[in-house]
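Data first, discussion second: the structure below is written as structure tokens.
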Amino acid sequence: MIAVWYLMLTLLAVCSAVIEGCFPSDRAALLAFRAALHEPYIGIFNSWTGSDCCHNWYGVNCDPNTQRVVDINLWGESDDLMFRQAHRSGYMAGNLSRAICRLTYLSSITITDWKGISGEIPRCISFLPFLRILDLTGNRISGEIPGHIGRLGWLTALSLADNFIYGRIPPSITKLTNLMHLDLRNNQLSGRIPRSLGRLKMLSRALLSHNQLSGWIPHSISQIYRLADLDLSSNQISGAIPDWLGRMAVLSTLNLDGNKITGTIPASLLNSKIISLNLSRNALNGNIPDSFGRSSYFIMLDLSYNNLEGWIPKSLSSAWYVGNLDLSHNHIRGHISPFDQLEA
């Protein structure tokens, strides 16, 4: 009986104790993650010593209640004192170890602008149940986007820009229904844009430029009512420009330049919410629609390097504002005297 009471008191003491320091398993995972990386100039890993990885380990944050590691935030370009004293941006080589997946409470992984980190994205990242931010911009990561990326149901930001990632955009990406920011620019992605991309109802930015994407612009994008920025430039997109792009509620930036787009310019684009429109370097033909109105406000309107013809629309003079207009390298006639500073 005494032994039972002693055991109960011991368990009560353990359960009521305040957790101090990080979990040993989290610390071990961080050290294994660090072992696969080499950072020779700034010394950001010099602080990764001692038993408590929740305090003063550079770029590591823990939940104050559970003391589990929830954030790894390592920027290669930073205003931090270490970078200012080194008088340079960061450089790091190595690869992303699978040990990072042992940090099962991670909410954000930000490892950006280190220029030398290579290898593939660990497939196991797709199984981190609480991950909200995955930002690996500005490295030398290759391989494909993990096929099970759609398992990250809480993900709000996916940024893999400025790497060497190839292959197709996995269909499962359309399951990320909480995603607000998608940035896959400057990679080697190929194939079509997923047809059901419109399932991402929360998406406000879709940046897919400078890849090798092909096919038509999926109609489902018209269902992303929050979409403000759509950049598909410098790909191999073909087909015509959908008229519905000009009717999207908050779309303000549309970049389709440097593709293989044919057909005419939809009239809806010139009297819409769009303020930055780049359709240059395609194979557009026909006239520029005479559909400018008082709501037409363009910081930039670039229609250059196409096969457009006819006269400059008279309605252009009724536009609220056109700040930078480029109609060059077409077959367009006429003058734009109210906009003498613009190129035609």
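These numbers come from the heavy atoms of this one structure, side chains and all, not from hydrogens, waters or symmetry mates.
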Hphob cluster co-occupancy, [X] + [Y], side-chain heavy atoms under 4.5 angstrom:
X    : Y    : result
L327 : M300 : no
W320 : I299 : yes
Y166 : L158 : no
I217 : L269 : yes
I42  : W48  : yes

Rounded to the nearest 0.5 Å, how far apart are [atom1] of [X] and [atom2] of [Y]?
X    : Y    : atom1 : atom2 : result
I173 : L200 : CD1   : CG    : 7.5 Å
L316 : L325 : CG    : CG    : 6.0 Å
I261 : L256 : CD1   : CG    : 4.5 Å
F164 : I141 : CZ    : CD1   : 11.0 Å
I44  : R34  : CD1   : CZ    : 9.5 Å
L207 : R185 : CG    : CZ    : 5.0 Å

Sidechain-backbone polar pair: [X] side chain, [Y] backbone, donor-acceptor under 3.5 Å:
X    : Y    : answer
N163 : I165 : no
S204 : A228 : no
D257 : N255 : no
D63  : N65  : yes

Pairs where residues 69-122 contributes a residue and the test disulfide (SG to SG under 2.5 Å) is met, not counting sequence neighbours: C101-C124
Restricting to pairs with a member in residues 225-276, which pass disulfide (SG to SG under 2.5 Å), not counting sequence neighbours? none
List for me each residue that meets salt bridge (charged side-chain N to carboxylate O under 4.0 Å, His left out) alongside D26, sequence neighbours excluded, and say none if there are none. R68
Grab the two heavy atoms, one from [X] and one from [Y], that are nearest each other, plus how far apart they are.
X    : Y    : value
L74  : Y58  : CD2-O, 3.8 Å
A29  : L103 : CB-CD2, 3.8 Å
V69  : C53  : CG2-SG, 4.0 Å
L179 : A157 : CD1-N, 3.7 Å
S291 : L270 : OG-CB, 3.7 Å
N178 : G153 : ND2-O, 2.8 Å

Can you tell if the side chain of [X] reaches within under 4.5 Å of the side chain of [Y], non-hydrogen atoms only?
X    : Y    : result
L308 : L284 : yes
R195 : W216 : no
Q188 : H210 : no
F298 : L277 : yes
K201 : R226 : no
N278 : L303 : no
L182 : L184 : yes
R205 : H181 : yes

Do other residues, nucleotides or ligands put more than 12 heavy atoms under 6.0 Å from the [atom1] atom of [X]?
X    : atom1 : result
K260 : NZ    : no
F83  : CZ    : yes
R140 : CZ    : no

Mind jotting down which residue pairs meet the side chain to side chain donor-acceptor pair (under 3.5 Å) criterion with at least one end in [range]? Sequence neighbours excluded, please.
range            : result
residues 293-307 : N271-S295, D302-S304, Y305-H329
residues 141-150 : none
residues 80-102  : S89-K115

Under the side chain to side chain contact (heavy atoms under 4.5 Å, CB included) test, which residues partner [X], sequence neighbours left out?
X    : answer
H219 : S222, W244
N73  : N61, D71, W75, S108, T110
P218 : I193, S220, I221

Can you tell me if the gamma sulfurs of C54 and C62 sit closer than 2.5 Å? yes
Does the pair S47 and N56 meet the rule for a side-chain contact (heavy atoms from CB on, under 4.5 Å), with working shown? CA-CA 7 Å; S47 63; N56 301 318; 5.7 Å; no
Is there a donor in the side chain of D229 and an acceptor in the side chain of T253, or the other way round, less than 3.5 Å apart? yes
Tell me yes or no: between the side chains of D290 and S315, is some donor less than 3.5 Å from an acceptor? yes
Residue from L230, L203, V250 passing side chain to side chain contact (heavy atoms under 4.5 Å, CB included) with I224: L203
Give the table of side-chain donor-acceptor pairs shorter than 3.5 Å for residues 233-242, with sequence neighbours excluded, one pair per line with atom names and distance.
residue, atom, partner, partner atom, Å
S233, OG, D231, OD1, 2.7
N235, OD1, N211, N, 3.2
N235, OD1, Q212, N, 3.3
N235, OD1, L213, N, 3.0
N235, ND2, L208, O, 3.1
N235, ND2, L232, O, 3.0
N235, ND2, S233, O, 3.2

Worked verdict on I109 versus I100 for side-chain contact (heavy atoms from CB on, under 4.5 Å): CA-CA 9 Å; I109 301 173; I100 198 171; 3.8 Å; yes
Output a table of donor-acceptor pairs, distance under 3.5 Å, between side-chain atoms of residues 129-139 and any protein atom two or more places apart or on a different chain; print 'none' if there are none.
residue, atom, partner, partner atom, Å
D135, OD1, T137, N, 3.1
D135, OD1, T137, OG1, 2.7
N139, OD1, W114, N, 3.3
N139, ND2, I111, O, 2.9
N139, ND2, L136, O, 2.9
N139, ND2, T137, O, 3.4

Start with the C-alpha gap between N259 and N282, add the side-chain angles, then the distance that decides, and say whether side-chain hydrogen bond (donor to acceptor under 3.5 Å, both in side chains) holds. CA-CA 5 Å; N259 281 290; N282 280 289; 4.8 Å; no
Residues joined to W154 in its hydrophobic cluster, side chain to side chain under 4.5 Å directly or through other members, sorted by chain and number, are none
